[in-house]
Amino acid sequence: MSASTTTTIDIAKIRSEFPVLDQEVNGKPLIYFDNAASSQTVKSVVDALVQFYEKDHANIHRGIHTLAERSTKGFEATRERVHKFINSAEVDEIIFTKGTTESINLVAQSWGSKFLSEGDEILISQLEHHSNIVPWQLAAERTGAIIKVIPINDKGEILMDEYKKLLSSKTKLVAVNYVSNSLGTINPVKEIIELAMAQRATTMIDAAQAAPHVKIDVQNLNCDFLALSSHKMYGPTGVGVLYGRRDLLESMPPYQGGGEMIKDVSFNGTTFNDIPYKFEAGTPNIGEVIAFKYAMDFIENIGHENIQAYENELLEYANIKLSKIQGFTPIGTAENKASVISFLINNVHPYDLGQLLDVKGIAVRTGHHCTQPLMDFLEIDGTVRASFAVYNTKEEIDVFCESLQKIVERFN
Amino acid sequence: MDLIKQRQEEIIEEFAMLDGDMEMTLDYIMELGAELAELPDEARIEDNIVKGCQSKVWLTAELDNDRVQFKADSNTAITKGLVSLLVRTLNQSAPQDVVNAEIYFPQQIGMDRFIGTQRSNGFAAMIKQMKMYALALTAKQES
Ligand SMILES: Cc1ncc(COP(=O)(O)O)c(C=O)c1O
C-alpha cells in the first residue's frame with residue numbers, strides 16, 4: 001500500500017507489545033496519533049503494574065518486612081534506571097514527582113523562593129507549555145522577579161540572537177522546552193544552556209516531549225534542572241522526574257512537608273532528610289514508579305537513534321502526503337523537528353476535523369495544546385496536531401491522509 | 001401536541017433513520033447547520049457569544065408576533081448543526097413555553113455518543129442561554 005520502511009526496527013513486533021492498539025474505534029481500526037499528549041503503555045509496564053498490585057504491594061522505605069523490601073528495591077531500581085537513562089552524575093539527583101508539571105512547580109517554588117528576588121529576570125520562550133509558564137508567573141508574583149519572553153520566528157524556532165540580547169547579569173533563570181509539544185521544534189538547548197551559564201543563570205529544561213524521542217544526557221547538556229513525564233514515554237501516568245544538580249538541590253528548601261522527607265521531627269523543630277528524599281514527601285506512586293523502569297528499557301532496547309530515524313521517516317512521509325491535500329497549512333516548520341505535525345485546513349475548523357477523524361477511528365488532538373501564548377503569537381485559536389510514536393506506521397498515515405482528503409472534499 | 005414537543009419528535013424520527021451510524025449522523029448534523037438561517041454580521045459580537053462553549057456560538061433572540069425568533073451561528077460546522085437543532089425546536093413558540101420547555105431529544109437520539117463531554121457542556125450552555133433570552137422576552141411582553 002505504501003513505501004517500505006528503511007529503518008531496521010521490527011514494527012510488527014513493537015505493535016504486538018501494545019495490546020491497546022489492536023482495537024476498533026467507531027467500527028474502524030484505531031489509529032492513535034495523539035502521542036504527544038500521552039503515549040500508549042507498553043505491555044511490560046502493564047505487566048509490572050499487575051505484578052506489583054498482585055504480588056508486591058507495600059509502602060516503601062522504613063519497612064522491614066519482605067513486601068516492603070521488594071517494593072523499596074523496585075522503586076529504587078527505577079531511580080537507578082533514570083540516572084542511567086539521562087546520565088546524571090549521581091543517582092541522588094533524581095527526584096520522583098507526579099509529572100513534568102510538578103517537577104517545574106517544585107523548582108519554581110523551592111528554588112524560586114530561595115534564589116529569586118525583586119528585579120531578577122526569568123527567561124522563557126514563546127514556545128512554552130503552560131506548565132513552564134504559570135509556575136514562573138506565580139514565582140514572579142511572590143518574589144518580584146520579572147518574566148521575559150524569548151521570541152521565535154514564523155517557523156517556530158527560537159531566535160538565538162534575540163535570546164542573546166535578552167541575557168544579562170540580571171538573568172537568574174532560563175527555562176525552555178527541549179522539544180515543543182505544539183510544533184515539534186527541537187530547540188538548541190545545549191547552546192541555550194551554554195549562553196545562560198556564561199551569565200551565571202540557572203537553567204531548567206522541560207524535556208517532557210524530548211524524552212520519548214531524543215537521547216537525553218544531562219551532563220552533556222550541563223543543565224541545572226530537567227523535567228520529564230513517564231506517560232509520554234510509554235510508561236504509566238502519575239510519574240515524573242525532576243533532575244537537579246546536587247549542590248542546588250541541597251541548597252533548596254523542601255517543597256512539601258510530610259513523611260519520608262524528614263530525618264527527625266519534634267515540636268521544637270524538624271531536620272530534613274537528604275536528597276532525593278527531602279523532596280519526596282508522602283507515599284509516592286509506588287507501583288507506577290516501579291513499572292516506569294520497563295518503559296525506559298523498552299525505549300533503550302530499540303535505541304533512541306533507531307526511534308528517531310524511524311519517526312523522522314514517518315514525519316517526512318506524512319509531510320509529503322499531507323502537502324497534497326487542498327488547503328493544508330502546516331503550523332511550525334522548523335528545520336529540526338520531532339514527529340509532531342500541527343496543521344490547519346482552510347475552511348475547516350480544527351474541532352470539526354478532530355471529531356470527523358475520530359469517527360474514522362483516528363485520534364488527533366485539537367486546540368491550543370496548552371500553549372496559548374504561542375497560539376496568540378501565531379494569531380490562531382489552535383491547530384490539529386498529529387504526533388507519531390514508534391508504533392505508528394506509514395499505512396496508518398495513508399489512512400489518515402485519505403480520511404482527511406474525504407473530509408476536506410465534503411467542506412469544499 | 002405542543003409545538004416544542006412536536007419538533008423534538010420530528011428530530012428523533014429523523015435521527016432514528018440514520019441507524020446510529022456516527023459518520024452519517026455527523027454528516028446530517030452538519031447539513032442541518034448549513035441550512036440554518038444566516039445570522040446578520042452585526043450580530044456576531046462578543047455579547048452574543050454563548051459562554052461555556054469551546055467553539056464560538058453566537059445566539060440572538062427577538063419577538064416576532066409574540067413568538068421567539070432565535071438566530072444562531074458557530075465557527076465550527078458540527079456545533080452549528082447542534083445549535084440548529086435547538087433553534088428548530090424552540091423557534092416560533094411563546095417565550096413562556098421556551099422557558100418551561102423540557103428538552104429531551106438529545107437523550108433520545110443518543111447525543112452523548114457523538115458529542116464528547118466538552119460539547120455536551122456547551123450544548124447545555126446553549127439551552128440555558130436560550131431560556132434566559134426567552135425569560136427576558138417574557139418580561140418585555142409584560143411591560
Ligand atoms: C512540553 C510539555 N511540557 C510540560 C507538559 C506537562 O506534562 P505533565 O502533564 O505530564 O505534567 C507537557 C504535556 O503535555 C508538555 O508537552
Side-chain angles (χ1 to χ4, degrees), chain A residues 23-32 34 37-38 130 326-327 329 343-372 375-376 378-385 399-400 402-412, chain B residues 15 18-36 38-39 44-46 48-59 72-85 106 109-126:
Chain A
Q23 65 172 300
E24 291 196 343
V25 167
N26 296 320
K28 310 270 162 40
L30 167 67
I31 294 180
Y32 189 79
D34 192 20
S38 200
H130 293 163
Q326 200 192 343
T329 312
F343 64 92
L344 290 171
I345 289 187
N346 286 352
N347 314 328
V348 194
H349 195 280
Y351 290 155
D352 286 330
L353 275 177
Q355 196 166 357
L356 294 168
L357 285 167
D358 177 59
V359 168
K360 294 174 188 292
I362 302 167
V364 294
R365 192 143 290 248
T366 56
H368 55 59
H369 317 298
C370 296
T371 54
Q372 276 181 335
M375 296 298 133
D376 289 346
L378 298 167
E379 295 180 340
I380 54 179
D381 290 335
T383 71
V384 180
R385 181 185 71 187
V399 175
F400 170 58
E402 282 157 25
S403 304
L404 262 184
Q405 180 63 37
K406 281 199 196 121
I407 294 168
V408 170
E409 279 164 15
R410 195 204 172 283
F411 276 82
N412 285 333
Chain B
F15 276 76
L18 298 166
D19 224 15
D21 183 289
M22 290 269 285
E23 205 152 1
M24 286 193 336
T25 304
L26 285 183
D27 225 53
Y28 186 59
I29 290 174
M30 291 191 292
E31 234 169 76
L32 294 176
E35 288 165 10
L36 191 63
E38 203 151 321
L39 185 76
R44 236 173 289 256
I45 52 170
E46 195 66 33
N48 291 335
I49 288 182
V50 180
K51 304 208 169 39
C53 291
Q54 243 196 350
S55 340
K56 277 202 177 98
V57 177
W58 295 271
L59 194 64
D73 197 2
S74 171
N75 62 344
T76 78
I78 294 169
T79 304
K80 189 169 176 182
L82 293 173
V83 73
S84 85
L85 292 173
I109 66 175
M111 206 162 79
D112 54 344
R113 272 188 318 112
F114 53 85
I115 68 171
T117 329
Q118 298 270 15
R119 272 194 160 118
S120 294
N121 294 341
F123 197 74
M126 289 181 222

Heavy-atom distance under 4.5 Å between the side chains of L353(A) and I345(A), does that happen here?
-> yes
Compare all side-chain heavy atoms of D73(B) with those of K56(B) and state whether any distance is below 4.5 angstrom.
-> no
Would H369(A) and T383(A) count as having a side-chain donor-acceptor pair, cut-off 3.5 Å?
-> yes
For the side chain of H368(A) and the backbone of C370(A), is there at least one donor-acceptor N/O pair under 3.5 Å apart?
-> yes
I78(B) portion near chain A, given a 4.5 angstrom heavy-atom threshold | both
Interchain contact, D352(A) with chain B, by part (heavy-atom threshold 4.5 Å) | both
With a 4.5 angstrom heavy-atom cut-off, which part of K406(A) approaches chain B: side chain, backbone, both or neither?
-> neither
In terms of heavy-atom proximity below 4.5 Å to chain A, should D27(B) be classed as side chain, backbone, both, or neither?
-> both
